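To keep things clear, I will list the structure first and then write my remarks on it.
Chain A is the first sequence line, chain B the second, and so forth, proteins listed ahead of strands; every chain is numbered from 1. Here the structure is a predicted model, which means the values were calculated and not measured.
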There are 2 protein chains.
Amino acid sequence: MAQDVFKALADPTRRRILDELVERDGQTLFEICARLVTKHGLGLSRQAISQHLAVLESAGLVVVRRQGRYKFHDLDTEPLERIATRWLRPDAREGTP
Amino acid sequence: MAQDVFKALADPTRRRILDELVERDGQTLFEICARLVTKHGLGLSRQAISQHLAVLESAGLVVVRRQGRYKFHDLDTEPLERIATRWLRPDAREGTP
DNA sequence: AGGATAGGCAAGTGGTGACTTGCCTATCAA
DNA sequence: TTGATAGGCAAGTCACCACTTGCCTATCCT
């Protein structure tokens, strides 16, 4: 399940969403939609963003926190800290003899 | 052109190729094909690997070095060092006021 | 020169992913 | 209770991507 982090990062819209969550954590779906339109000019349907958030959530990059009829989305950078170090040269990695 | 790094990393076969190049730099197309078969059991055509290498090259992750009829592929981890730090929290980044 | 090795070009196919549309459920406010 | 707000489910379309197949070019060896 954490292997899909690469697939989740492949889409530019999802990267924009991550950018938004870095800037302001705990946004709802409608907030993210509004921000993508006003700040980035992305005219996507609400459902499209919802599906993107589902991909990010299943990749472990976004954590959901429900409260009443709201659903807040928080960023989790923990999966990101592991992926890039995978191909660093042996002399630059930590756990190599 | 360096923006396609995410797209290049999205495919598992391409990640295997990067794994191979980390372990042994400067391999030719046929070497990579043989190693993917014997070590990972990937039975792909030579052309498929060639196309994957083209994607990795255009993403800047692989640098090509021609010599006679051989074409050696070297890994370049430089694009990798920038992508993961994009979404690190502001207090963990370097160049933020 | 001729064969063998290393690689490239181009068209075609199947499957997956991004996006939309339409309708449905749940919570809050009046 | 009714209407408005926040979100979910499901099917359908369309384009892109991974992979194959067939043929072609270039370099090396004898």
Side-chain angles (χ1 to χ4, degrees), chain A residues 1-21 24-38 40-74, chain B residues 1 3-21 24-38 40-59 61-74:
Chain A
M1 49 185 73
Q3 290 287 47
D4 307 285
V5 180
F6 298 100
K7 217 173 54 186
L9 293 176
D11 189 84
T13 302
R14 283 196 285 269
R15 277 172 288 183
R16 290 285 187 196
I17 294 177
L18 293 183
D19 289 338
E20 269 308 311
L21 291 179
R24 191 164 182 269
D25 222 3
Q27 295 189 57
T28 70
L29 172 60
F30 277 69
E31 282 180 290
I32 295 173
C33 284
R35 286 196 155 213
L36 287 180
V37 171
T38 61
H40 301 282
L42 287 186
L44 289 177
S45 74
R46 174 183 57 90
Q47 202 61 19
I49 308 297
S50 177
Q51 288 166 5
H52 280 307
L53 285 171
V55 174
L56 291 171
E57 185 183 353
S58 79
L61 290 167
V62 163
V63 169
V64 172
R65 169 169 46 99
R66 295 212 67 134
Q67 183 174 336
R69 64 175 159 174
Y70 298 101
K71 189 178 178 184
F72 303 105
H73 301 83
D74 295 307
Chain B
M1 49 184 71
Q3 290 287 47
D4 307 283
V5 180
F6 298 101
K7 216 174 56 187
L9 293 175
D11 189 84
T13 302
R14 284 196 285 268
R15 280 174 300 206
R16 291 286 188 195
I17 295 178
L18 293 183
D19 289 339
E20 270 307 313
L21 291 180
R24 191 163 182 271
D25 222 4
Q27 294 190 58
T28 70
L29 172 60
F30 277 68
E31 282 180 291
I32 295 173
C33 284
R35 284 197 158 213
L36 288 179
V37 170
T38 62
H40 301 282
L42 287 185
L44 290 177
S45 75
R46 174 182 56 88
Q47 204 59 19
I49 309 297
S50 177
Q51 288 167 5
H52 280 308
L53 285 172
V55 174
L56 291 172
E57 185 183 353
S58 79
L61 291 167
V62 162
V63 169
V64 172
R65 169 169 47 99
R66 295 211 68 134
Q67 183 175 337
R69 63 176 159 175
Y70 298 102
K71 189 178 178 183
F72 302 105
H73 300 83
D74 295 307

Atom-to-atom span, CD of A/Q67 to P of C/dC28 - whole angstrom: 9 Å
Most 5' of B/F30 and A/S45 on DNA chain C, judged by nearest nucleotide: B/F30
Non-hydrogen atoms of B/D4 and B/A59 that approach each other most closely: O-CB, 4.0 Å
Rounded distance in Å - CG (B/L42) to C1' (D/dT20): 16 Å
Phosphate-side-chain proximity, B/S50 and D/dC19, N/O vs OP1/OP2 below 4.0 Å: no
B/K7 side-chain N/O to D/dC16 phosphate OP1/OP2 under 4.0 Å: no
Length of the CZ-P vector between A/R65 and D/dA6, whole Å: 16 Å
5' precedence on DNA chain C between A/R46 and B/E31 (nearest-nucleotide basis): B/E31
D/dG8 OP1/OP2 closer than 4.0 Å to side-chain N/O of A/K71: yes
Nucleotide nearest B/A48 when distance is taken to its side chain, options D/dT20, C/dC19, C/dG7: D/dT20
side-chain N/O A/H52 vs C/dG17 OP1/OP2, d < 4.0 Å: no
B/L44 side-chain proximity, nearest of C/dA6, D/dC19, D/dG7: D/dC19
Base D/dG7 paired with A/R66 side chain (donor-acceptor, <3.5 Å): no
Gap between atoms CD and C1', on A/E57 and D/dG7 respectively (whole Å): 13 Å
Minimum side-chain heavy-atom gap A/R65-A/H73 below 4.5 Å: no
Rounded distance (Å) that lies between atom P of D/dA18 and atom CG of B/L53: 13 Å
Atom pair distance, as rounded to whole Å: CD1 in B/I49 and C1' in C/dG8: 15 Å
Taking every non-hydrogen atom, the tightest pair across A/H52 and A/I17: CB-CD1, 3.7 Å
Student check: side-chain heavy atoms of A/E57 and A/V63 closer than 4.5 Å: no
Which nucleotide in D/dT5, C/dC19, C/dA6 has an atom nearest any side-chain atom of A/R69: D/dT5
Length of the line joining B/D11:CG and D/dC16:C1', which is rounded to integer Å: 13 Å
Min side-chain heavy-atom separation B/V62-B/D74 under 4.5 Å: no
Comparing A/Q51 and A/F72 on DNA chain D - which has the more 5′ nearest nucleotide: A/F72
Candidates C/dT20, D/dG22, D/dC19 - which lies nearest the side chain of B/Q47: D/dG22
Rounded distance in Å - CZ (B/R16) to P (D/dA18): 17 Å
